[in-house]
Amino acid sequence: MHKSDFDLDYQNQNIESKIIAAFERIAQAFRVLLWQESKVSGLSPIQIQILIFIRHHDAEKCKVSYLANEFNMTKATISDAIKVLEEKELISKVVEKNDIRSYVIKLTNKGKTITNRTALFTTEIRNPIDKLSTNDKTGLLLNLLDIIKHLNQTGVITVQRMCLTCSHHQNTKKQTHFCKLLNQQLLVNDLRVDCPEHQLQTV
């Protein structure tokens, strides 16, 4: 039976377990940095994440149902967060013409100002990455994309918009990527984690 990756005797003898433990520390760093920003802005972590998401995605993705899937939360939880953001005048709701029950969430000017600042909460994680060599960065990106693809395929992560899960993506040779939408070969550096033109692969 596979032992826990957090069993130190086992972990110290297995590089795979050390990598998993390292991921856990990085995940903890994200939570800490987000909570620090939360204290400064007076917003909850999910409210900050919603603002950042809306700032950088098109209108079709800025709806309660999509946000619920994106953050793996209930519509009620997202709606509560949206209500607070609206009360703080950071977002506005634009009712759709074809369905008055549906609305798109947009940032107000005040919301854009706050979001532009809060979106920088990852700076301390970015700094050591900036110092990596180009080869190390491309290798790290490709390995992370493979891990995310696996987590998506097994249902751990429900929403993904990266090249490796896109119907436009094609592997022509080992480690060679091609985008059928752009009709061009992609280098590892060109692979996207979040692409606006993403279309989920169908089996």
Side-chain angles (χ1 to χ4, degrees), residues 20-132 137 140-141 144-145 147-149 151-152 155-162 165 192-198 200:
I20 290 173
F23 273 127
E24 195 273 337
R25 296 293 177 86
I26 293 172
Q28 182 181 8
F30 267 98
R31 292 193 296 271
V32 168
L33 292 170
L34 195 52
W35 270 110
Q36 288 177 350
E37 186 56 48
S38 178
K39 294 175 183 177
V40 173
S41 64
L43 300 169
S44 71
I46 186 57
Q47 289 165 6
I48 292 174
Q49 289 176 295
I50 288 172
L51 290 176
I52 294 173
F53 185 89
I54 293 171
R55 182 74 174 91
H56 300 287
H57 292 83
D58 59 53
E60 283 301 309
K61 297 180 179 68
C62 297
K63 299 178 181 180
V64 170
S65 57
Y66 196 98
L67 292 169
N69 287 329
E70 176 72 20
F71 295 106
N72 198 26
M73 293 184 170
T74 64
K75 290 183 181 179
T77 299
I78 296 296
S79 294
D80 288 343
I82 294 299
K83 181 180 179 181
V84 173
L85 293 174
E86 187 176 28
E87 291 173 350
K88 292 178 179 287
E89 300 181 340
L90 300 179
I91 60 102
S92 61
K93 298 176 181 176
V94 180
V95 178
E96 294 193 299
K97 297 178 181 178
N98 300 331
D99 185 358
I100 60 173
R101 297 169 300 177
S102 179
Y103 57 86
V104 173
I105 305 158
K106 293 189 176 182
L107 296 182
T108 61
N109 288 334
K110 180 180 177 183
K112 289 178 182 178
T113 299
I114 289 179
T115 304
N116 288 342
R117 188 195 72 242
T118 58
L120 300 177
F121 79 92
T122 56
T123 299
E124 290 305 322
I125 296 175
R126 170 68 184 263
N127 286 339
I129 295 174
D130 285 338
K131 297 176 182 178
L132 296 175
K137 289 176 186 176
L140 178 59
L141 174 60
L144 290 173
L145 290 177
I147 292 171
I148 294 170
K149 181 180 179 180
L151 293 173
N152 177 238
V156 177
I157 300 175
T158 55
V159 179
Q160 281 307 310
R161 294 176 296 274
M162 66 178 188
T165 61
R192 297 179 179 183
V193 178
D194 192 339
C195 179
E197 287 80 33
H198 181 273
L200 188 65

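Numbers here are sequence positions counted from 1.
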For the student: nearest non-hydrogen atoms of [X] and [Y], plus distance:
{"X": "S38", "Y": "S44", "result": "OG-CA, 3.7 Å"}
{"X": "S65", "Y": "K75", "result": "CB-CE, 3.7 Å"}
{"X": "P196", "Y": "D194", "result": "CD-O, 4.0 Å"}
{"X": "S41", "Y": "T118", "result": "CB-CG2, 4.1 Å"}
{"X": "S79", "Y": "V64", "result": "OG-CG1, 3.6 Å"}

Do any N or O atoms from the side chain of N152 and from the backbone of I148 form a donor-acceptor pair under 3.5 angstrom?
->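 Pair absent, no side-chain N/O of N152 close to backbone of I148.
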
Short question: side chain of K110, backbone of K88 - any donor-acceptor pair under 3.5 Å?
->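 Flag set: sc K110 to bb K88 pair under 3.5 Å.
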
Ion pair present between K83 and D80, side-chain N to carboxylate O less than 4.0 angstrom?
->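 Here K83 does not pair with D80 in a salt bridge, since their nearest N and O are not under 4.0 Å apart.
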
Show the numbers, then the answer: is there a side chain to side chain contact (heavy atoms under 4.5 Å, CB included) between I50 and E70?
-> CA-CA 10 Å; I50 288 172; E70 176 72 20; over 6 Å; no

Could you walk me through whether V193 and L141 pass the side chain to side chain contact (heavy atoms under 4.5 Å, CB included) check?
-> CA-CA 9 Å; V193 178; L141 174 60; 4.2 Å; yes

Where do F23 and L144 land on the side chain to side chain contact (heavy atoms under 4.5 Å, CB included) test, with the steps shown first?
-> CA-CA 11 Å; F23 273 127; L144 290 173; 3.6 Å; yes

How far does [atom1] of [X] sit from [atom2] of [Y], to the nearest 0.5 angstrom?
{"X": "T115", "Y": "R117", "atom1": "OG1", "atom2": "CZ", "result": "9.0 Å"}
{"X": "F53", "Y": "I105", "atom1": "CZ", "atom2": "CD1", "result": "10.0 Å"}
{"X": "I114", "Y": "L90", "atom1": "CD1", "atom2": "CG", "result": "4.5 Å"}
{"X": "L85", "Y": "S92", "atom1": "CG", "atom2": "OG", "result": "11.5 Å"}
{"X": "L120", "Y": "T122", "atom1": "CG", "atom2": "OG1", "result": "7.0 Å"}
{"X": "R161", "Y": "R192", "atom1": "CZ", "atom2": "CZ", "result": "12.5 Å"}

Please step through side chain to side chain contact (heavy atoms under 4.5 Å, CB included) for the pair H198 and M162, ending with a clear verdict.
-> CA-CA 7 Å; H198 181 273; M162 66 178 188; 5.6 Å; no

Near K106 NZ, under 6.0 Å, is it more than 12 heavy atoms from other residues, nucleotides or ligands?
->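 Check fails, neighbour count at 12 or below.
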
Over 12 non-hydrogen atoms of neighbours within 6.0 angstrom of CD in E24 =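 Enclosed.
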
Minimum side-chain heavy-atom gap [X]-[Y] below 4.5 Å:
{"X": "L34", "Y": "Q49", "value": "yes"}
{"X": "T77", "Y": "F71", "value": "no"}
{"X": "L151", "Y": "I147", "value": "yes"}

